[in-house]
Amino acid sequence: MRTLFLAATLLLFVSACSGNSDSKTDTAADQSSLDSSSTDLASDSKDSTDPLDLNAPDVPQDVLQTPYPMGFEERGFQELRGVVHLHSAFSHDGCAPDGFEDFGGPDPACNQMLRDAACTSGMSFLMMSDHPGHLREFPYEEGIHYSEADGDELLLDDQERPFSNRMHCPEGSAVDTVLFYYGTEGFKFMPIAMAGPVPPEVFSTGYQDEVPLEEVQAVVATTHELGGFAWGVHTEESTISEQRIVEIPLDGMEIYNLHSNLMEALKSLDDLFTVNFFMDPTPGSPNPDLALLLFLQPVSEDQRKYDYAIARTNIACAVATDIHQNVEIPSICPDGAGPGSLCEPFVEEYPYFTEILITGGPAFLSDGDRMDSWKRSFRWFSNHAIVLEDTPEAIRASIGSGQSYSVFEMFGMPGHFDFHGATETEVFEMGTEHAYAEGQTLRIMTPTLEVTPWWEEGVIDPSQGIVTTRLIRATVDGAEVMGEWEGQGKYIEVEVPGPGAYRVEVDVTPKHLIPMLSGVIYLASKPYPYIYTNTVFLR
């Protein structure tokens with residue numbers, strides 16, 4: 001009975017701290033492993049297209065030949081890391097305990113944490129999406145965190161409208177500059193990267209099935225007039241059908257949102273209490289950045305709806321941290337963990353987590369940083385904009401059009417990864433549409449896991465990670481896996497079997513992280529999502 005009460009209390013509380021913005025103070029604001037049924041996958045599927053695999057186990061490494069250099073950077077692009085769907089102190093529920101409601105406005109110290117985290121963790125761009133209830137009350141420039149006193153540059157588009165803020169990072173940061181773009185999340189609708197000023201209707205319209213289609217399409221048109229893109233969020237929810245996504249049509253949607261994982265995690269108190277191991281400051285305890293392994297799994301309903309959509313319209317995807325830096329555990333055992341108390345059964349085995357249940361507040365991990373900090377979440381995963389030049393216009397176009405892919409860098413950086421379509425004379429990048437013709441191929445270089453800038457050097461061997469890559473084809477008849485390959489640094493070439501929307505998923509079984517998972521090495525024994533690409537459309 002005590003365990004059930006704990007679970008119910010935590011569920012209610014984290015729901016209140018999540019991205020759901022149905023708040024009295026925000027009247028305009030919103031609100032397992034891969035499920036193979038979402039893509040009609042067969043667990044014993046074979047490579048039906050007989051792909052050319054030049055790095056198969058029986059082929060020596062030194063005979064590896066590719067038609068041209070593989071890897072986006074090797075082909076002349078730059079990969080720039082950034083976040084799509086992010087909250088700050090301008091959201092009513094952002095930045096606890098000193099959030100908007102408690103502080104009486106956006107806390108400057110809290111917003112400074114966000115700025116510092118982006119520089120420290122190497123984010124080149126932040127697509128902000130603060131809830132509209134309070135954001136709409138502030139000048140556009142504040143919504144992109146522009147600070148003239150800090151040396152920021154307010155950037156104008158070709159119509160002389162402000163559309164981005166370039167922040168300069170301190171010397172020694174992981175990146176030199178960070179671009180902030182303006183967006184908002186209300187009623188599960190998330191227009192991003194808009195120029196200012198933003199009219200009221202953008203803040204007050206949702207896109208769920210119950211909203212008249214013409215109202216949604218009018219706001220999408222306004223978003224486009226502002227140079228932005230219309231995205232749907234929390235698409236796993238039942239109020240948003242795949243048919244609605246297509247009939248609008250949206251420019252982009254989430255293929256993963258952390259909030260969904262956290263809600264699933266509350267169904268298992270074992271996982272919640274295991275956070276205790278990542279809170280233990282004793283030398284040799286597991287790496288705190290890997291605490292996400294307790295909860296991380298694909299969001300199969302997002303994948304299913306995305307495959308339905310790309311078979312019928314061109315739409316981009318991204319992964320979302322949806323971080324507010326606001327998760328606070330309630331004080332469930334204010335009188336301590338003594339005999340007969342609610343927390344007595346847990347204190348001996350889980351002393352650090354039990355302490356949080358006694359005192360309440362954020363869950364601070366062994367490095368002294370809260371589990372849901374911006375700094376930590378920026379190390380978990382990001383979206384890679386693939387651009388020919390590092391300009392605010394190019395980054396905005398990359399994310400909006402789908403010339404990007406998403407990576408969970410907590411497992412390592414994706415060295416030399418590449419995915420595109422091609423003929424003998426032409427290359428088809430992600431996010432682009434081309435007419436199907438015989439002789440087209442899809443080319444993949446599976447990622448080579450590389451150490452991250454924030455790992456301690458020499459602790460792990462990335463080659464021990466088990467990487468599995470899948471090529472997925474979506475048509476109006478459904479989605480299917482065209483092939484599946486295990487291994488790092490493998491060149492795969494598949495002849496296109498017919499019209500369709502083609503994308504790649506990569507999983508990783510992180511055996512290489514075992515040295516950083518003392519006490520919880522079982523977490524390294526199962527596959528997790530590692531890469532979601534955008535789509536090559538061959539109609």
Side-chain angles (χ1 to χ4, degrees), residues 51-56 61 64-82 84 122-124 255-256 298 316-319 379-388 395 398-399 401-422 427-432 441-453 455 460-472 481-494 502-510 512-513 527-536:
L52 174 64
D53 179 354
L54 294 178
N55 195 18
Q61 285 279 344
L64 177 64
Q65 299 290 326
T66 61
Y68 41 76
M70 292 290 290
F72 294 107
E73 292 186 359
E74 286 82 352
R75 294 196 292 113
F77 291 100
Q78 298 181 56
E79 292 193 41
L80 302 174
R81 299 177 64 233
V84 179
M123 294 290 103
S124 292
I255 200 166
Y256 170 87
C317 70
V319 296
R379 296 178 177 182
W380 281 340
F381 53 89
S382 70
N383 300 286
H384 288 215
I386 308 301
V387 297
L388 289 172
I395 292 171
S398 169
I399 296 299
S401 67
Q403 193 163 344
S404 62
Y405 71 105
S406 305
V407 186
F408 290 78
E409 291 101 341
M410 61 183 291
F411 300 109
M413 308 306 284
H416 309 290
F417 175 72
D418 201 352
F419 168 58
H420 58 270
V427 173
F428 309 145
E429 303 294 348
M430 293 178 296
T432 62
T441 62
L442 294 161
R443 297 171 178 175
I444 306 166
M445 180 64 80
T446 68
T448 299
L449 296 173
E450 298 178 351
V451 297
T452 69
W455 284 348
I460 67 165
D461 177 5
S463 69
Q464 298 303 304
I466 301 171
V467 169
T468 303
T469 301
R470 291 184 299 276
L471 175 63
I472 296 171
V481 170
M482 302 302 299
E484 184 172 295
W485 305 270
E486 185 174 299
Q488 302 186 33
K490 300 180 71 171
Y491 174 67
I492 309 295
E493 184 172 343
V494 176
Y502 295 88
R503 65 183 184 88
V504 166
E505 291 181 355
V506 182
D507 290 345
V508 60
T509 302
H512 60 301
L513 298 183
Y528 300 88
Y530 180 48
I531 288 175
Y532 293 114
T533 73
N534 263 284
T535 305
V536 174

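Excluded from the calculations below are hydrogen atoms, water molecules and symmetry mates; all remaining heavy atoms, backbone and side chain alike, are included.
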Asker: Name all residues meeting the side chain to side chain contact (heavy atoms under 4.5 Å, CB included) criterion together with Glu73; count only those two or more places apart in sequence or in a different chain, and write none if there are none.
Answerer: Glu79

Asker: Strictly under 6.0 Å, is that where the ring centroids of Tyr528 and Phe411 end up?
Answerer: yes

Asker: Say whether Ser404 and Asn534, considering side chains only, have a donor N or O and an acceptor N or O under 3.5 Å apart.
Answerer: yes

Asker: Check whether any side-chain N or O of Gln488 sits under 3.5 Å from a backbone N or O of Pro462 as a donor-acceptor pair, and report yes or no.
Answerer: yes

Asker: Any non-hydrogen side-chain atom of Arg503 less than 4.5 Å from a side-chain atom of Ile255?
Answerer: yes

Asker: Can you check whether His416's main-chain N or O pairs, donor with acceptor, with Glu74's side chain at less than 3.5 Å?
Answerer: no

Asker: Relative to each other, are the rings of Phe381 and Tyr256 parallel, tilted or perpendicular (30° and 60° limits)?
Answerer: perpendicular

Asker: Who pairs with Tyr502 by ring-ring contact (aromatic ring centres under 6.0 Å, His included), at least two apart in sequence or on another chain?
Answerer: none

Asker: Is His384 close to Phe417 at the side-chain level, that is, under 4.5 Å between some pair of heavy atoms?
Answerer: no

Asker: Without swapping roles, check the side chain of Thr441 against the backbone of Val494 for a donor-acceptor pair under 3.5 Å.
Answerer: no

Asker: Quick one: OG1 on Thr452 to CZ on Arg379, what's the gap to the nearest 0.5 Å?
Answerer: 8.0 Å

Asker: Any side-chain heavy atom of Ile492 sitting closer than 4.5 Å to one from Thr469?
Answerer: no

Asker: Have Ser382 and Glu409 got a donor and an acceptor in their side chains that come within less than 3.5 Å?
Answerer: yes

Asker: Are Tyr532 and Glu505 side-chain neighbours, meaning at least one heavy-atom pair lies under 4.5 Å?
Answerer: yes

Asker: Do Pro527 and Thr468 have side chains that approach each other closer than 4.5 Å (heavy atoms only, starting at C-beta)?
Answerer: no

Asker: Would you say the side chain of Ile466 lies within less than 4.5 Å of the side chain of Glu486, judging by non-hydrogen atoms?
Answerer: yes

Asker: Taking the side chain as every heavy atom from C-beta outward, state whether Ile444 and Tyr491 have any pair of such atoms under 4.5 Å apart.
Answerer: no

Asker: Is there a donor-acceptor pair closer than 3.5 Å between any side-chain N or O of Tyr405 and the backbone N or O of Ile386?
Answerer: no

Asker: Without swapping roles, check the side chain of Ser401 against the backbone of Gly431 for a donor-acceptor pair under 3.5 Å.
Answerer: no

